[in-house]
Amino acid sequence: MQPILSLDGVAKSYGGVKALTSGALDLYCGQVTALLGENGAGKSTLVKIITGIVHADGGTITLDGKPVVIESAEHARSLGISAIFQEPVVFDALTVAENIFITGRPLKGRSVDWPTMMRRSREILAELDPSIDPAMVLGRLSVAQRHLVQIARALSNDARIVIMDEPTAALSHREAEELFAITRRLRDEGRAILFISHKFEEVFALCDRYAVFRDGAGVGQGTLQGMSSERLITLMVGRPVDQVFPKQVVAIGEEVLRVEALGRCLEYENVSFDVRRGEILGVYGLIGAGRSEVMHALFGTAPAETGRIVLNGETVSIRSAQQAIAHGIGLVPEDRQRQGAHLRLAIGDNITLPSLGRTTRGGFLSARREREQAAPLAEQLGVKMSGLRQRVEDLSGGNQQKVVIAKWLATAPRVLILDEPTKGIDVGAKAQVHRLMGELAAKGVAIIMVSSELPEVLGMADRIMVMRRGLVQGIVPRSEATPERIVKMATDA
Amino acid sequence: MPESFLRLLRTREAGLLGLNLLLLAAIAPFFPAFLRPGSLAGLLDDTALLILLALGEMLVLLTRGVDLSIAANLAFTGMVVALLDQYHPGLGLAPVLILSVLMGAALGAVNGLLVWRLRIPSIVVTLGTLSIYRGAVYLASGGRWVNSNQMSPQFLAFVRLQLGGVSMLSWIAIACAVLVALFLRRSVRGRDLYAAGNNPSAALYAGIDVGVMQFSAFLIAGAIAGLCGYLWVSRYAVAYTDVASGFELQVIAACVIGGVSISGGVGSVAGVVLGALFLGIIKNALPLVGVSPFFQMAVSGVVITGAVLINARGTQASALRILERRPA
Amino acid sequence: MSDVSLSARSKARVTRRPWHALVRWETLLVLAILVDFAINAHASPYFLDPWTLSDVTVSVAEKAVVALAMAFLVMAGEIDISVGGIIALASVSMGLVARAGLPLPLVVASGIATGLLAGCVNGALVTIGRVPSIVATIGTMTLFRGIAYAVLGDGVLKTYPPGFAWLGQGSVAGPVSFELVLFVALAAVAIVLRHATAFGRRVVATGSNPEASRMSGIATDRLRFALFVAVGTAAGLASVLLTSRLGSTRPSIAQGWELEIITMVILGGVAIEGGIGTIPGVVLAAILMGLVTFGLGLLNVPGIVMSVVTGTMLIVVVAVPAALRRYGGGRQ
């Protein structure tokens with residue numbers, strides 16, 4: 001059988017950074033192909049090239065046996081390519097119906113045919129979540145419902161090729177099962193589907209073929225029959241699996257932070273846990289489970305409305321980041337570009353920002369003291385840079401993340417919260433971040449690590465707190481944690 | 001349908017309509033004359049230019065831009081067509097109308113190109129063109145005034161034509177509001193304008209060219225401003241350098257009161273028209289109530305500041321629901 | 001790996017940066033100033049006279065004082081359109097205090113205090129009311145000038161205590177005017193604040209990424225509020241100078257100044273979206289605008305044409321680097 005879409009030697013650089021060096025991928029009609037690879041392996045770039053959002057620098061793309069150049073998102077759609085993106089690409093202020101049909105609104109003559117749009121939206125949504133009203137403004141939907149709207153969008157335009165970039169990341173078990181049913185139906189209708197996921201159980205349950213990417217290159221593809229998850233992981237990582245997490249054995253000390261029955265309207269309630277000296281508490285859950293919201297309560301940037309926070313045995317009130325910093329709490333936020341780094345400021349200025357009081361005297365800056373503060377940290381974290389005056393936006397994602405971590409280390413925190421610390425960074429930087437977490441724990445820092453990556457949580461955490469829909473489902477010690485148990489807690493209704 | 005009717009009642013536009021009616025109701029017992037058809041037509045006539053300019057400004061605001069140059073565009077275009085009429089009074093009205101729209105669109109296109117091709121923030125671009133266009137009025141006229149006795153009769157008469165008790169100027173505003181509403185609601189480009197302003201990066205994924213949308217908005221806003229140039233000069237029967245100076249800020253105020261979000265993607269024609277009428281009613285009612293004309297600006301200031309404050313309350317992002325709804 | 005090529009590229013960029021980002025802008029402004037100086041000197045034999053040069057500073061110092069404070073506000077990612085209105089309101093308040101026969105210090109204090117209070121109103125609208133600053137200050141611009149009109153109507157206040165005129169017209173030594181001395185002193189303070197203190201760093205950080213700044217423990221709302229108050233106070237001070245120089249108060253004074261002041265700030269290399277800017281740049285831009293205005297005045301070019309020149313300068317100055325970035329050299 002001839003592939004409907006075939007990519008060979010596709011390359012793409014951003015500035016000087018090579019995101020993709022030789023991407024190879026074949027998609028077949030009536031088959032679901034799993035695209036596997038670590039963060040930074042080039043999967044997102046590949047998706048952007050196929051959907052016409054960025055242009056490849058080199059290589060060939062063949063559609064129906066003929067070479068094509070995909071010019072734009074518009075062009076990709078006219079070729080019958082449709083995608084569900086990882087970050088919901090949605091419009092808060094528009095109605096659900098219009099979000100579904102944003103790329104191809106039904107027309108009557110030259111004007112938008114609203115009644116048809118509403119009717120067809122209702123038909124599509126009936127299969128996904130009948131409680132969503134197509135006339136509703138999208139801004140009022142929950143995170144999971146936003147993903148469903150994206151899925152509805154992919155269903156709306158009769159694409160021959162459907163790309164799903166981690167579509168289940170925010171879905172409950174039941175919703176994910178429904179999505180699989182829809183995906184199988186699309187496959188049986190003869191469409192080619194590219195399914196990107198980190199979850200092997202999904203891949204083996206749903207997919208027919210696999211393609212693995214590592215460091216921007218396709219390193220293997222074929223049929224899934226006879227493949228094991230171990231062999232796939234070895235392909236993805238390029239080395240045996242058990243080396244991935246450098247978990248240190250650390251003596252766990254006394255309690256540093258305890259929260260009791262934290263709650264905030266609509267977001268989470270009755271959240272209680274504690275974390276000890278030298279401990280890494282993993283917080284696992286689907287995207288939109290309320291994990292980051294709880295962390296922002298600890299950090300004072302979105303204080304809880306009920307419950308209390310106990311730090312070193314004393315109840316404290318934390319209502320701003322300044323207060324959190326004064327209490328020795330640091331937060332490496334999930335959204336690095338928006339909340340973590342000042343991209344247009346120098347590396348040195350970034351690192352010293354939260355601890356500016358330590359390097360200034362009477363409010364006056366001291367370049368020397370700032371350098372003495374920042375340089376050792378940048379070196380300790382292995383930030384690849386030309387100097388502290390270099391701007392953060394010139395760094396790769398992994399090195400940006402190291403800068404954000406360095407700025408919190410400069411405050412000498414007793415509690416360090418890391419929200420998705422290895423999201424979107426390359427394999428090397430990831431291992432460095434994990435090693436650093438171990439070192440910090442060994443020095444007695446209490447660490448809270450929010451992560452959606454199950455292997456990371458299982459590999460690094462001493463205990464795992466699982467959240468679902470704003471509620472704590474339980475806290476599991478490392479010795480009792482199995483992938484099945486944790487996933488079940490996070491997704492089951 | 002009662003459900004959709006209830007939804008309609010809860011919209012900002014309904015609230016604003018209620019506010020306007022309340023205002024009229026408060027004035028009516030004391031000054032019944034204010035509600036006479038003739039006075040209301042006069043009110044519409046007085047507010048028509050504000051409505052027109054606000055419609056154009058709304059398009060720019062929808063795409064996350066702002067156009068500070070529309071009043072200067074108006075003054076420049078108005079002066080040029082006034083001069084054209086003065087020196088060639090025999091040409092008739094058609095060249096004046098066509099020239100005003102084309103010239104306004106060209107001036108708007110300059111803004112649009114700088115924003116689209118060079119990605120300069122629109123506030124910087126239009127701050128610059130505001131000064132340039134305003135200065136250009138002086139250069140074009142040599143600082144002279146063009147007075148009513150230098151304008152041809154048809155130049156002056158057009159806006160004053162009465163059709164069904166309502167002036168031509170008002171009809172133009174009504175027609176323009178309907179056209180913009182249809183454009184925004186029914187055309188693909190109109191919908192893309194909302195999408196581009198609501199979430200530019202998502203618009204890119206959806207294949208919408210945000211830059212082209214910004215350019216289109218500036219182009220249309222400029223064309224409307226140019227048309228208003230002729231209408232203004234004809235309505236007030238005079239053209240000089242400082243025509244409509246500072247009016248752009250009132251226009252933006254009308255948009256903001258009408259619920260157009262300065263951060264893009266939100267706003268409706270009905271809201272903008274009601275917002276402009278709200279300012280118009282206040283302006284026309286104050287002298288009646290005996291407020292000295294010198295107090296009018298202060299009252300407008302209070303109203304505008306209050307309105308933007310209330311507006312900001314309404315548009316603050318609410319939390320995403322994470323916790324499951326429980327049976328009540 | 002990919003990091004290697006990246007750091008090589010970055011190194012090349014960093015070594016070029018002093019030329020590109022900082023020095024070049026200010027150098028351009030200095031060059032422009034020299035060119036204009038030469039043109040002016042050529043156009044009028046009286047231009048090089050110290051007393052003439054002193055007049056140059058007087059015409060620009062009042063706006064430049066506000067521009068210094070406005071530069072901080074814009075660097076922090078906000079804007080204040082209401083400064084013209086504040087100047088008018090402060091002038092009216094001084095006129096009333098003076099008419100009541102109160103002494104000079106109180107007259108001056110009332111002008112500055114009015115500016116400060118107006119700044120508080122703007123700051124509260126933005127930080128507590130959560131109104132975008134451009135919208136909020138469009139509203140208060142009408143409000144402040146409106147109050148000035150409501151109080152004064154079409155009247156004029158002309159009685160000021162003896163000595164008041166010195167502030168805007170007097171000189172400290174020979175041709176060195178008080179306005180010039182005041183501006184130089186404030187510019188020195190602003191340079192230190194921006195470039196040598198934690199406050200300056202926090203302002204730039206807030207403008208560069210407000211959310212990350214808040215997450216880094218900067219009290220961004222308090223900072224923004226303080227900057228609005230500073231701009232209001234500077235406008236109050238400018239009102240003192242302007243009222244003193246004119247010797248009278250009308251509600252229409254300083255009409256349109258907000259645009260000239262903001263132009264000065266952007267011409268000085270401050271990015272309108274915040275996070276980038278230097279005070280020397282703003283000072284140079286103020287000097288340049290003063291010279292150009294004055295030069296055109298020497299040539300008997302009317303004031304309104306000056307706005308064409310300022311507007312063109314503003315756009316060219318922003319558009320040329322943008323065009324070079326986009327169409328010349330390497331593509332990003």
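Letters go in sequence order (proteins before strands), and every chain restarts at 1. Just so it is clear, the model here is predicted, and its values are computed rather than measured.
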Check each atom of [X] against the heavy atoms of chain C and say whether the ones under 4.5 Å are side chain, backbone, both or neither.
X: B/Ser292; value: neither
X: B/Arg134; value: both
X: B/Val256; value: side chain
X: B/Leu127; value: both

Shortest non-hydrogen contact between [X] and [Y], atoms and distance:
X: B/Tyr138; Y: C/Pro302; result: OH-CG, 3.1 Å
X: C/Ala319; Y: B/Leu118; result: CB-CD1, 3.7 Å
X: C/Leu314; Y: B/Val124; result: CD2-O, 3.6 Å

Residue selection (most heavy-atom pairs with chain B, distance under 4.5 Å) from [options]:
options: C/Leu259, C/Val305, C/Ile147, C/Ile134; answer: C/Leu259
options: C/Val121, C/Thr137, C/Asp154; answer: C/Asp154
options: C/Thr142, C/Ile266, C/Val135, C/Ile272; answer: C/Thr142
options: C/Val151, C/Thr263, C/Val316, C/Val308; answer: C/Val308
options: C/Leu125, C/Leu152, C/Thr310; answer: C/Leu125

Can you establish whether the number of heavy atoms outside C/Arg250 located under 6.0 Å from its atom CZ is more than 12? no
Between CG of B/Leu68 and CD1 of C/Ile81, what distance do you get to the nearest 0.5 Å? 6.5 Å
Interatomic distance, CD1@B/Ile262 vs CD1@C/Ile138, rounded to 0.5 Å, equals 6.0 Å
Are there residues of residues 242-253 of chain B that reach to under 4.5 Å of chain C by heavy atoms, and which ones? B/Leu249, B/Ile252
Checking side chain to side chain contact (heavy atoms under 4.5 Å, CB included) for the pair C/Ile315/B/Ile132: CA distance, chi angles, key distance, verdict? CA-CA 10 Å; C/Ile315 289 186; B/Ile132 297 173; 4.3 Å; yes
Please tell me if the side chains of C/Ile304 and B/Val137 come closer than 4.5 Å, counting only heavy atoms from C-beta onward. no
State, with a plain yes or no, whether a side-chain heavy atom of C/Leu143 is found less than 4.5 Å away from one of B/Val302. yes
Kindly say whether B/Ser131 contributes a backbone atom to a donor-acceptor pair with the side chain of C/Ser307 at under 3.5 angstrom? yes
Quick one, C/Ile79 with B/Ile123, criterion side chain to side chain contact (heavy atoms under 4.5 Å, CB included). Give me CA distance, side-chain angles, the key distance, then yes/no. CA-CA 11 Å; C/Ile79 198 162; B/Ile123 181 169; 3.8 Å; yes
For the candidates B/Ser263, B/Pro121, B/Gly128, which exhibits the highest count of non-hydrogen atom pairs separated by less than 4.5 Å from chain C? B/Gly128
